[in-house]
Amino acid sequence: MMNDLSSQSENILLQCSAINKEFSGVKANSNVSITVGKSQIHALLGENGAGKSTLVKIIYGLLQPDSGTMRFSDAEYAPKSPKDARELGVGMVFQHFSLFEPLSAFDNILLGLDKNIDVKSLREEVKTLSESYGLEVNLSSYIGDLSAGERQRVEIIRALLQKPKLLIMDEPTSVLTPFECEKLFKTLKKLASEGTSILYISHKLKEISFLCDTASVLRKGELIGEYDPKKMTAKALGELMVGQTLSQPKRPSATKKKNRVLSVSMAEVKPDTQFGVTLKNINFDVHQSEILGLGGVAGNGQEELMQLITGERIDRSIDIKYLDSNIQLLNPHKRRELGMAFAPEERLGHSAVGSLSLSENSLITDPKKRFQTNLGFIDFDELRNYTESVIEKFNVKTTGAQAVASSLSGGNLQKFVVGREVGQRPSLLVVNQPTWGVDALSAANIREAIVEIANSGAAVILISQDLDELLEISNKVAFLTNGLLSIPTETKNIKSSEIGALMGGLRAGETI
Amino acid sequence: MIQLIPRENVSPVLSLLGPLFSIGFTMLIGGILFYFLGVDPFAAIKMIFWDPLMSETFSTYSIPQIFIKGAPLILIALGLSVGFKANIWNIGAEGQYIMGAIFGASFALSLYPLESAFIFPLMVFIGIAGGCLWSLIPAILKIRFNVNEILVSLMLVYVAEQILALASLGFLRNPDGAGFPGSRNLSQYPSASNSELILGTGIHLGVVLSLFMIVFFYILFFRHSLGFKIKLLGSSPKAYSFSGQNPNKLIFICLTLSGGLAGLAGIMEVAGPAGQINIDFNVGYGFTAIIVAFLGRLNPIGILFAGLVMALTYVGGELTQFMLNLPAAAIQLFQGMLLFFLLSFDLFVYYKIRLRGN
């Protein structure tokens with residue numbers, strides 16, 4: 001297929017030639033040339049900071065290249081804005097959503113359109129689209145109450161409404177279940193067969209092998225080459241992208257009987273937001289040196305469960321014991337004092353604050369008052385030392401402890417947050433979606449850190465919708481579906497054929 | 001179409017230029033206003049900003065007045081800045097200032113004519129408590145019932161003004177005052193008088209305390225974990241609750257601190273420069289201090305300078321009133337413009353403006 005492209009110029013939809021883009025001395029794109037054929041699903045692979053985002057932003061008109069030319073549909077193409085790009089037939093679904101939280105999903109879709117359109121027929125169109133492409137969304141829900149997964153579905157619908165010739169997808173599957181991924185892949189393949197080209201950015205190498213016709217690999221702003229992902233192993237592609245060999249962390253070795261660290265038991269907990277999920281019959285224990293994986297698609301009660309475990313939400317009806325003491329009334333700070341540590345899903349504005357420096361972000365969770373004197377004065381030397389040690393140990397790419405958190409890429413900030421929590425040497429670590437939107441190398445680092453702290457004796461609760469991650473490093477897994485948790489099962493005993501059913505809400509042992 | 005794009009890094013130079021530019025623009029537009037009021041704009045601007053400091057005729061009176069008017073502005077603005085940093089909006093410092101004065105003065109006058117070294121410190125303490133008490137009302141309502149503190153604190157200003165009228169005409173009225181409204185003059189009651197520390201300079205205890213408080217708040221904001229918590233709550237309530245602290249505690253601290261400082265300013269004023277409780281005791285320091293807090297960028301050092309500039313406009317404004325017959329309202333308008341332009345320029349400080357053809 002690739003060989004055909006060069007000879008058949010009429011099959012080319014988008015051609016970028018020698019694109020250069022520099023940001024204050026840093027070459028984000030250096031002589032990058034890629035060609036996307038008609039009806040092609042073209043993967044763009046690369047680490048965070050490899051220049052993928054810059055390239056697609058140039059294609060989508062958000063950035064203008066310093067030099068280089070583009071052709072689209074056999075014409076010169078130099079969009080000045082995303083509006084230009086959309087008019088010419090380029091659509092994009094971003095990794096970070098551009099949605100208004102206080103508005104409903106439908107209003108967001110309406111607002112995203114460039115042309116005026118009849119509201120009724122739009123509603124019909126949206127319904128058909130979402131049904132045929134498996135993008136279920138409650139259209140009247142406020143975005144603020146939707147999970148990351150649902151928000152992304154809104155974005156995808158919005159882009160598809162424009163009927164683009166080229167659809168750019170930035171990490172689209174990072175929030176979907178395997179079932180939904182399959183549905184999405186069907187959608188994308190259907191779109192491609194109908195003539196739409198797709199530029200597909202992802203770190204998930206397996207799905208690229210499955211889905212894409214061609215993969216362009218970027219590293220440090222340069223194009224490494226174009227490959228046929230169907231003919232290469234995921235590991236080989238990953239190593240091309242990272243430029244070094246990737247480690248594969250192993251789950252903590254199951255050992256003799258260990259002490260129970262946390263036990264959670266609840267009959268029913270109603271949500272505190274209008275569109276939240278009611279948690280029902282949730283019972284699990286986690287022991288020393290054990291990673292308990294809680295799988296399932298985001299928006300099925302993960303956020304609600306996390307808040308009850310951290311103590312950000314207090315509910316008297318639940319039974320939550322930490323090392324045999326009842327902690328149901330303790331706030332997050334008191335729970336940390338006992339040795340718990342948390343890394344919630346949302347990084348900016350929850351576990352970290354964008355406008356504060358990394359040092360100040362270290363101060364957010366300081367249960368043992370390591371950075372404070374007895375009178376509450378801040379020990380800036382200690383704080384900087386700790387922050388720098390986290391930056392160094394977790395290979396966080398930043399200008400230093402004084403850099404504001406919002407200047408870090410998602411993956412780097414997540415490494416910092418996980419590093420900050422792990423650095424407290426907790427007895428229990430609870431992480432929610434630790435590798436969501438994080439590049440492969442950072443994700444591998446984070447998993448390694450999680451396994452390492454479990455090996456050193458801590459209990460870990462890993463809430464993740466990345467099935468590979470769960471099966472790779474957790475000792476036991478359970479799945480959350482509509483607020484119901486399946487019974488935790490030893491990971492090694494799970495048959496891959498059972499997983500779909502477990503995620504679909506069945507309990508282990510039940511049959512379809 | 002005009003697009004506003006938040007700046008990733010706000011330049012400190014630009015951030016400093018904002019207040020300076022807003023002062024410049026206020027002079028310009030204020031000058032035009034003065035022109036239409038039939039006053040020579042250059043003379044008026046010069047009289048507001050220059051004469052109080054430099055003119056031989058006025059400066060011996062004006063410079064002490066700047067300290068006298070700057071001290072309450074700085075004290076109140078410092079207290080307000082704590083809350084503003086945490087997104088807690090106490091708009092009613094004027095009321096807390098009045099209540100501080102009434103509480104302290106009532107205590108001292110109830111002991112008149114007893115002379116004792118304990119009266120003054122106790123009076124100051126009770127004055128602070130009066131301010132705290134008045135700000136506790138919005139604090140408790142917010143904590144218990146989630147009532148908006150902006151409305152409650154603002155409404156309580158008008159309640160405090162009625163109590164002030166009641167005090168001046170009723171329970172604090174000077175029995176030897178031939179029926180005129182107003183209390184006894186505290187400056188003529190040695191045990192309760194907040195007199196000038198150095199004669200003729202205008203420097204009284206309140207001025208010294210305001211300088212002391214600048215240092216105190218500087219350390220609080222930049223060296224102490226409480227200052228960090230305040231900043232964290234203001235930056236992201238969700239991150240604050242993730243850090244595990246109870247925001248109600250901080251709401252309580254921020255509101256009582258600002259109320260207490262307004263009360264301190266009130267008792268210092270009534271026992272010193274004002275001398276007595278009277279119907280026209282409050283002149284709007286509590287509201288002007290909001291401008292001072294923002295003009296000073298919620299930074300204690302900035303508030304020092306902003307407070308002095310604002311005091312200058314008060315003193316200079318008075319000069320223009322009796323020298324050029326400018327109405328008092330023109331000077332209030334002038335001060336209001338300062339905040340208006342500051343907020344306008346902040347748009348350029350914090351955002352990039354992109355024009356886009358459409």
Side-chain angles (χ1 to χ4, degrees), chain A residues 23-24 80-84 114 306-307 310-314 330-338 340-344 346-357 359-367 369 371-380 383 399 403-407 417 421, chain B residues 1-12 15 82 84-87 146 215-251 253 257 297-298 346 349-352 354-358:
Chain A
F23 293 111
S24 50
K80 289 273 170 292
S81 70
K83 195 164 180 260
D84 289 356
D114 292 328
M306 182 76 184
Q307 283 188 339
T310 62
E312 281 166 279
R313 198 176 152 210
I314 301 288
L330 300 186
N331 68 25
H333 180 71
K334 295 215 174 94
R335 292 185 191 197
R336 277 193 202 97
E337 279 179 338
L338 296 175
M340 298 169 78
F342 318 104
E346 208 180 335
R347 301 184 278 261
L348 285 178
H350 193 178
S351 59
V353 177
S355 59
L356 300 182
S357 71
S359 279
E360 288 175 305
N361 272 292
S362 297
L363 207 50
I364 293 177
T365 55
D366 179 25
K369 300 208 188 301
F371 318 125
Q372 290 175 35
T373 65
N374 291 336
L375 291 170
F377 288 97
I378 298 168
D379 184 343
F380 285 97
L383 185 60
T399 51
V404 292
S406 59
S407 69
V417 168
E421 297 304 317
Chain B
M1 202 174 72
I2 300 169
Q3 262 194 327
L4 296 177
I5 300 152
R7 285 180 201 272
E8 278 168 18
N9 294 309
V10 174
S11 117
S15 167
V82 188
F84 292 172
K85 269 176 189 281
N87 274 346
N146 199 23
V215 179
F216 175 83
F217 278 94
Y218 190 87
I219 294 170
L220 176 74
F221 285 156
F222 299 112
R223 291 281 174 270
H224 198 269
S225 56
L226 182 63
F228 173 73
K229 285 174 193 163
I230 289 166
K231 195 169 161 185
L232 184 62
L233 181 64
S235 314
S236 166
K238 203 170 171 189
Y240 184 82
S241 100
F242 174 69
S243 89
Q245 317 286 333
N246 187 348
N248 290 341
K249 216 161 90 185
L250 212 57
I251 293 171
I253 291 174
L257 210 55
R297 292 262 180 254
L298 306 184
D346 276 358
V349 173
Y350 294 107
Y351 294 90
K352 282 185 277 193
R354 194 153 71 180
L355 288 171
R356 204 172 242 175
N358 196 355

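Please read these numbers as outputs of a predicted model, since none were measured by experiment. These numbers come from the heavy atoms of this one structure, side chains and all, not from hydrogens, waters or symmetry mates. Here is the naming used below: chain letters follow the sequence lines, and residue numbers restart at 1 for every chain.
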For this session: Name the region of A:Ser351, side chain, backbone, both or neither, that has any atom closer than 4.5 Å to a heavy atom of chain B.
Result: both
Problem set entry | Per-residue contact mode, A:Arg336 against chain B (heavy atom under 4.5 angstrom) | side chain
For this session: Quick one: which of A:Asn361, A:Ile364, A:Asn331 has the most heavy-atom pairs under 4.5 Å with chain B, could you say?
Result: A:Ile364
Problem set entry | Euclidean distance, A:His350 NE2 relative to B:Ser241 OG, rounded to 0.5 Å | 6.0 Å
Exercise. Hey, is A:Glu312 close enough to B:Lys238 for a salt bridge, meaning N to O under 4.0 Å?
Worked result: no
Seminar exercise, completed: If one checks every heavy atom of A:Gln307 against chain B at 4.5 Å, the contacting part turns out to be neither
Exercise. Measuring heavy-atom distances to chain B, does A:Phe371 have an atom under 4.5 Å in its side chain, in its backbone, in both, or in neither?
Worked result: neither
Problem set entry | Euclidean distance, B:Phe222 CZ relative to A:Ile378 CD1, rounded to 0.5 Å | 11.0 Å
Problem set entry | Lys/Arg cation over aromatic B:Phe242: A:Arg313, 6.0 Å, 45° cone | no
Exercise. Can you tell me how far the CZ atom of B:Arg223 sits from the CZ atom of A:Phe377, to the nearest 0.5 Å?
Worked result: 10.0 Å
Problem set entry | Contact winner vs chain B - A:Leu363, A:Leu375, A:Asp379, heavy-atom pairs under 4.5 Å | A:Leu363
For this session: Against chain B, label A:Glu360 side chain, backbone, both or neither, depending on which of its atoms sit under 4.5 Å from a heavy atom there.
Result: both
